[in-house]
Asks: 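First, the structure itself, so that you have it in front of you.
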Amino acid sequence: MFRIRCPYCGERDQIEFGYGGEAHIARPREPEAISDAQWADYVFMRTNTKGLFAERWVHSAGCRRWFNALRDTATDRFVATYVIGEAPPLPVTQGADDGAPVEEDAEAAADLAGGGRP
Amino acid sequence: MTRYSLWSLLREGFRGHTGWGPVWREAEPKPAYDAVIIGGGGHGCATAYYLAKEHGLTNIAIVEKGWLGGGNAARNTTIIRSNYLYDASAAIYDHAMQLWKGLGRELNFNIMMSHRGVLNLAHDDNEMRQLKRRVEANRLNGVEAEWLDAKQVAEYCPIINMSPASRYPVIGATLQRSGGVNRHDAVVWAYARAAHELGVDIIQNCEVTGLKIEAGRITGLETSRGTIRTPKVASVVAGHTSVIGAMAGLRLPIESHPLQALVSEPIKPVNPCVVMSNAVHAYCSQSDKGELVIGAGIDAHLSYTQRGAFPVIEEEIAAVLELFPIFSRLKLMRHWGGIVDICPDASPIISKTPVKGFYLNGGWGTGGWKATPASGHALADLVARDEPNAIAAPYTLERFTTGKLVAEHGAAAVAH
């Protein structure tokens, strides 16, 4: 079982957390303007990295806030957790068609994270 | 190769079992093949067998990074059934069911196929309506299925907790009498032996490290045991489809999760069938050795570690004891995890890819074992003819762009 460091509450048992899958996938700003293939990429395609992976967790049984984590999926070792809206502390390749990291909508991300910093 | 029969068993019995030869021989990788299959599990060995037998492609190889049948083939709970909702699923899973029925005889190998019946329990009116709908859909597709009321469930499997006072009372169940279990390593070895006899090279400890692609066409693969030239590569890996796909530059609609299973200490025969409960969330059968084989849902997080978290086990055990209070004093013997590649619609991918000559068979999620013969059969057809047959056609990669999904979450053993 994992111990996960919530950026707001500190280290807790995994059972307190919910999982949100791959991080840094930005919803297309103009869905009507993109191709079916691009929409499929946003909705369905996932990097599913074996190795260093940025993902979302929510501290369901604690502060109930979402945050991101960097974890090695080949070993389950957590490298870092960080606040929504921040760039990953180490470079990861995921989240978009061309493999380049997607820039997050900082304002929406701040809303999602419930505003404020730890 | 020795043909197994009563006579061969008697003969070897009289001479102290000194005459049994190897079931198959390990091969050194040749510089080139007509086709290479990545993955020496059930699906991979079945693919090789049908390629050789039905399409005459015998200059082919299976490359396996570990040992034969050591991945998800060795980690699943071996449950066989074909009671899925949609036409596309009925076609492939029931094709598998028909092949399972004759497979031991066809491959001259005891795969310990036991058609002991599979119960899917209903615990409330809504679940009952959904399951009855599935029975009717199955019948329309020629898939054997029937509805049992609570009394009939108690007769079919007397050890289920039928108390109306329980938290999730059993009010009925679907039964597929032809469903059951078989022996995982026997299936893999049976296919490997038959494929080997037809000339297929089986290469273990040979990990694929890269794919060679020129002008949008596959030309070979890089492995831990050297380069192999080939115009056709079929990826039949469980738990690493995205990793192999990335070598071809593909992004796939797959997420890889741990799925845990466990077995109890062996006891005398007590559970006569396979019992699955979506609402209470577990499934259980008894192996021929007497161990209870128990499975449940996936771990929520992505991982390639072949292990999961303890709370999932705790829920799994709680669910099994809710269904079978008589198991409460049993000890658990073993517990393990496998990595399952899950597609968003809970159906597999058997497909051509944008890279010519590179084929994908994966994303079987939590229930690929039951499909093994049909999966190999359909993929062999695709690799040989470069066109999907009617069974494989719905399982393309394109369905995630066109939206023509085969959404089978409702027919999974438990909700994942």
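Each chain gets a letter, A, B and so on, in the order the sequences are listed, and its residues count up from 1.
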Asks: Can you establish whether the number of heavy atoms outside B:R225 located under 6.0 Å from its atom CZ is more than 12?
Replies: yes
Asks: Looking at NE2 of B:H301 and CH2 of A:W57, how far apart are the two atoms once the value is rounded to the nearest 0.5 Å?
Replies: 6.0 Å
Asks: So which heavy atom on A:T75 is nearest to which on B:R307, and how close?
Replies: O-NH2, 3.2 Å
Asks: Examine the side chains of B:R251 and A:T47 and answer whether a donor and an acceptor come within less than 3.5 Å of each other.
Replies: yes
Asks: Minimum heavy-atom separation for A:D76 to B:T305, with atom names?
Replies: OD2-OG1, 3.1 Å
Asks: Between A:N48 and B:Y304, do the side chains contain a donor N or O and an acceptor N or O under 3.5 Å apart?
Replies: yes
Asks: Under 3.5 Å, side chain of A:R46 to main-chain N/O of B:S256, donor-acceptor pair present?
Replies: no
Asks: On a heavy-atom basis, which atom in A:M45 and which in B:F400 lie closest, and how many Å separate them?
Replies: CE-CB, 4.0 Å
Asks: For atom CD of A:E30, is the number of surrounding heavy atoms from other residues, nucleotides or ligands below 6.0 Å larger than 12?
Replies: no
Asks: Please state whether the side chain, the backbone, both or neither of B:I313 comes within less than 4.5 Å of a heavy atom of chain A.
Replies: neither
Asks: Could you tell me the separation between the CZ atom of A:F53 and the OG atom of B:S303, rounded to the nearest 0.5 Å?
Replies: 11.0 Å
Asks: Using heavy atoms and a sub-4.5 Å threshold, report which of residues 9-18 of chain A line up against chain B, by residue number.
Replies: A:Q14, A:I15
Asks: Checking heavy atoms, do the side chain of A:F44, its backbone, both or neither come under 4.5 Å from chain B?
Replies: both
Asks: Does atom CZ of A:R3 have more than 12 heavy-atom neighbours from other groups under 6.0 Å away?
Replies: yes
Asks: Side chain from CB out, backbone as N, CA, C, O: work out which of these in A:S35 comes under 4.5 Å of a heavy atom of chain B, or both, or neither.
Replies: neither
Asks: Between chain A and each of B:T401, B:D341, B:T402, B:I339, count heavy-atom pairs under 4.5 Å; write down the option with the most.
Replies: B:T401
Asks: So what's closer than 4.5 Å to chain A heavy atoms on B:L252: side chain, backbone, both or neither?
Replies: backbone
